[in-house]
There are 2 protein chains.
Amino acid sequence: MNIYDIAKRSGVSIATVSRVLNGGKNVSAKTKEKVLAVMKEEGYTPNIFARGLGLNSIKMVGILCTDVSDIYYAKAVSLVESCLRAHGLDVLLCCTGNQLENKKKYLKLLLQKRVDAVVLIGSAFKEDTDNSHIEEAAKQVPVVIINGLVDLPGVICVLCDDKNAMMKNTSLLHSCGCERILYLYDILTYSGRQKLNGFREGCLAFGCEHPENLTIKVPKNIEGTREKVRSLLQDGVRFDAVIASEDIIAIGAQKALAEQNLSLPIIGFNNSVFAQSATPALTSVDSMLDTLCPTAVNLLMDFIQGKPISNRVMISSRLVERDTFSTETRGNVEK
Amino acid sequence: MNIYDIAKRSGVSIATVSRVLNGGKNVSAKTKEKVLAVMKEEGYTPNIFARGLGLNSIKMVGILCTDVSDIYYAKAVSLVESCLRAHGLDVLLCCTGNQLENKKKYLKLLLQKRVDAVVLIGSAFKEDTDNSHIEEAAKQVPVVIINGLVDLPGVICVLCDDKNAMMKNTSLLHSCGCERILYLYDILTYSGRQKLNGFREGCLAFGCEHPENLTIKVPKNIEGTREKVRSLLQDGVRFDAVIASEDIIAIGAQKALAEQNLSLPIIGFNNSVFAQSATPALTSVDSMLDTLCPTAVNLLMDFIQGKPISNRVMISSRLVERDTFSTETRGNVEK
DNA sequence: TTGAAAGCGCTACCAC
DNA sequence: GTGGTAGCGCTTTCAA
């Protein structure tokens, strides 16, 4: 069943059928109706390959993501997917892991599929040294990165002000009497580094101590973090509050503290469902995915349509206060 | 840069270039080498549309999923994606929500993209009455459903024995002295119903009470469930254990119980990270996605290659014991 | 082993 | 408003 069959059965030429297929401009209402009727009757579906050949577009955008099973990335993918679909674009999903080699390989694969654009989820896609693959991609199609900052032409960056969020956290804790804050992080992506910098600058600005042994790299899981914090406590390392770069890390710390019946202020990051699920519920920084993702997709659509856009959008975070720290109850600091 | 350019620069015909492109059978080693060299030099990438036109395949499979932001589905998508990619297949992701209308629409969309197969994630895709869209899809391409049972030709089903898992849960709780188990569920998909049936049959078999007011439908989130259970407790409804159809629901119940300083056995479902994140950590049924997904993809690959396969595979679940219920410590039941 | 040429199904330009 | 037709870039016979 192809355009010729439809043309024959409708008593028109394939040119006319094609016109109907593409919006029906310059076709008489009657003809259009007739052709549409035949199409429906025959259950006709235009061949996407042939169409792609002509238009050189398949109405698909590639999403690159290090790990969709991570709740944060999953939410981002979900949001981006639904926004894109609202614009009639399909999503080619590609999970790369953290190895640069694979990121490059999969980006190339996406480009080979002739996607109309590429969305990079997370600042894990901004490399410290080698971003040549992104540069190359951006020459071919629009590239947008969510929560990363890659300073290359054709790359649209939409991000959350992680650094400022962490500075604010530090400030708040300090103003509640905390002086030795334990900072836990997992991986120093661009975003991870911003957070760490925010913490450090905050400490400096507000006069908190921040010795090296209070800035700890931990695995991105509950048990690994728990063990790390547990051993910190056993070693007699003293701190009076915890800031984590991820909710899941905050929970690991929380559990280690609970073992020792310690109840310190804890602030997580991402405001994921984990923050709600924790007991006591975790105060956490909302990294604003709900805003970031639609914004990113809208910018992309505008860019594709040739409208002038700002290709650097920074959105402020928001602290969601729950049980582990509140700016109202000052009495929650126990040493 | 197309096949003609490569042919010209290599001093051969496009036919030869095409042969090289497709494995290089019936091409002299020398010619092949030459052509490959030119391709690399020019950074040539075959046009996927033209290729698709000829071969009528784009090496892509569609994944349909009600909601990737759900941690369970996200994990499934992640696993399926990586397995498919290992077989050289790309993934077209499509999130439908729970409305039948959208499921149908998006399934049709995937088919229009000429995917080579469709993977349905979760039994939410098995409808009670109308599965005509799946039937139709299965006529065109192989369809596999993960954790659902759709009895149609061409549909491969890989699922976990949810019913048995729930019977076992009931049995275990009963043998630990529980007699009035609260059963919390969110949505009665095929899987949801299996779980409920397992619970009911378990109660019958082991002599547990299971009045209607102990089988409660709740929203699939922590707060909604918490409120529901809270009001149950306020109404004086009595129960001595909780089984939930989802970890997140179990956590909602757990929080409501904690408010009243009640510590009853609780068993969640899915063994997600939420089970670990909960305090106390949740005993939960592992629904074996790590096995289900690779199995599903392997069956699909075999099926595509025309090998004979079993299109119904059922895998046993596994109870992962943590703090909220253990078969070893009998003393954890407080009424 | 290689080349010529006929599709694959559609879009878009040019006539009428 | 409609039809004829030349591509789009590839695969795949069929001959040589």
Side-chain angles (χ1 to χ4, degrees), chain A residues 1-40 42-60 88 90 109 111-116 140-141, chain B residues 1-40 42-60 88 90 109 111-116 140-141:
Chain A
M1 181 60 45
N2 60 28
I3 204 173
Y4 290 91
D5 299 318
I6 300 297
K8 199 173 295 172
R9 295 235 207 297
S10 311
V12 297
S13 73
I14 63 159
T16 301
V17 176
S18 179
R19 282 185 201 104
V20 172
L21 232 37
N22 294 289
K25 279 279 172 197
N26 299 327
V27 185
S28 75
K30 200 171 175 181
T31 310
K32 181 173 171 181
E33 200 177 325
K34 167 89 196 188
V35 172
L36 283 174
V38 173
M39 283 181 177
K40 175 167 282 180
E42 302 283 339
Y44 167 73
T45 302
N47 183 301
I48 189 138
F49 304 126
R51 208 166 206 187
L53 236 197
L55 299 173
N56 201 38
S57 158
I58 195 175
K59 296 289 171 209
M60 260 173 22
D90 276 320
L109 239 90
L111 259 19
Q112 281 177 210
K113 290 283 181 184
R114 296 289 204 276
V115 291
D116 296 297
Q140 300 179 41
V141 295
Chain B
M1 181 59 45
N2 60 28
I3 204 172
Y4 289 91
D5 299 317
I6 300 296
K8 200 173 294 172
R9 295 235 206 299
S10 311
V12 296
S13 73
I14 62 160
T16 301
V17 176
S18 178
R19 283 186 200 103
V20 172
L21 231 37
N22 295 288
K25 279 280 173 197
N26 297 329
V27 185
S28 75
K30 200 171 175 180
T31 310
K32 181 172 169 180
E33 200 175 326
K34 168 88 195 189
V35 172
L36 284 174
V38 173
M39 282 180 178
K40 174 167 283 179
E42 302 284 338
Y44 167 72
T45 301
N47 182 300
I48 190 145
F49 304 128
R51 207 166 205 188
L53 237 198
L55 299 173
N56 202 38
S57 157
I58 194 175
K59 297 288 173 211
M60 259 173 25
D90 276 319
L109 241 94
L111 259 19
Q112 281 177 211
K113 290 283 181 186
R114 297 289 205 274
V115 292
D116 297 297
Q140 300 180 42
V141 294

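By convention in this document, chain letters (A, B, ...) are assigned in the order of the sequence lines, proteins followed by strands, and residues within each chain are numbered from 1.
Counting to the nearest Å, the P atom of D:dT13 and the CG atom of B:N26 are 12 Å from each other. In this structure, A:R51 places its CZ atom 13 Å from C1' of C:dA12, rounding to the nearest Å. Rounding to whole angstrom units, NZ of residue A:K34 and C1' of D:dT2 are separated by 16 Å. The nearest whole Å value for the distance from the CE atom in B:M1 to the C1' atom in D:dC8 is 16 Å. For the pair B:F49 CZ and D:dC10 C1', the computed distance is 13 Å after rounding to whole Å. To the nearest angstrom, P of C:dC8 lies 21 Å from CD1 of B:I48. If you measure from atom CG of A:N56 to atom P of D:dC10, you get 11 Å, rounded to the nearest angstrom. Distance, A:I14 CD1 to D:dG4 C1': 9 Å, rounded to whole Å.
In terms of heavy-atom proximity, A:L21 sits nearest to A:Y44 at CD2-OH, 3.7 Å. A:I58 approaches B:F49 most closely through the heavy-atom pair CB-CE2, 3.4 Å. Residue B:V27 comes nearest to B:R19 through the heavy atom pair CG2-CB, 3.5 Å, listed as atom of the first residue, atom of the second, then distance.
Phosphate proximity of D:dT2 to A:S13: absent, as no side-chain N or O sits under 4.0 Å from OP1 or OP2. Considering only side-chain N and O atoms, A:N47 lies nowhere under 4.0 angstrom from the phosphate OP1 or OP2 of C:dG9. The side chain of A:N22 contributes an N or O atom lying less than 4.0 Å from OP1 or OP2 of C:dT11. Look at A:N2 and you won't find any side-chain N or O under 4.0 angstrom from OP1 or OP2 of C:dC8. Neither OP1 nor OP2 of D:dT11 sits under 4.0 Å from any side-chain N or O of B:R19. Put simply, A:Y4 has no side-chain N or O that comes within less than 4.0 Å of OP1 or OP2 on D:dT5. A close approach under 4.0 Å does occur between a side-chain nitrogen or oxygen of A:T16 and OP1 or OP2 of D:dG3. For A:T31, a side-chain nitrogen or oxygen approaches OP1 or OP2 of D:dT2 to under 4.0 Å.
For B:G54 and B:V12, each mapped to the nucleotide of DNA chain C holding its nearest heavy atom, the one lying further toward the 5' end belongs to B:V12.
The B:A50 side chain lies nearest to D:dG9 when the options are C:dC10, D:dT2, D:dG9. Of the candidate nucleotides D:dT2, C:dT11, D:dC10, D:dC10 has the atom nearest to the side chain of B:Y44. Of the listed nucleotides (C:dT2, D:dT5, D:dT11), D:dT11 has the atom at the smallest distance from the side chain of B:L55.
Remark: side-chain polar atoms of A:S10 are not paired, donor with acceptor, to backbone N or O of A:V12 under 3.5 angstrom. Within the 3.5 Å criterion, the main-chain N or O of B:K8 finds no donor-acceptor partner in the side chain of B:D5.
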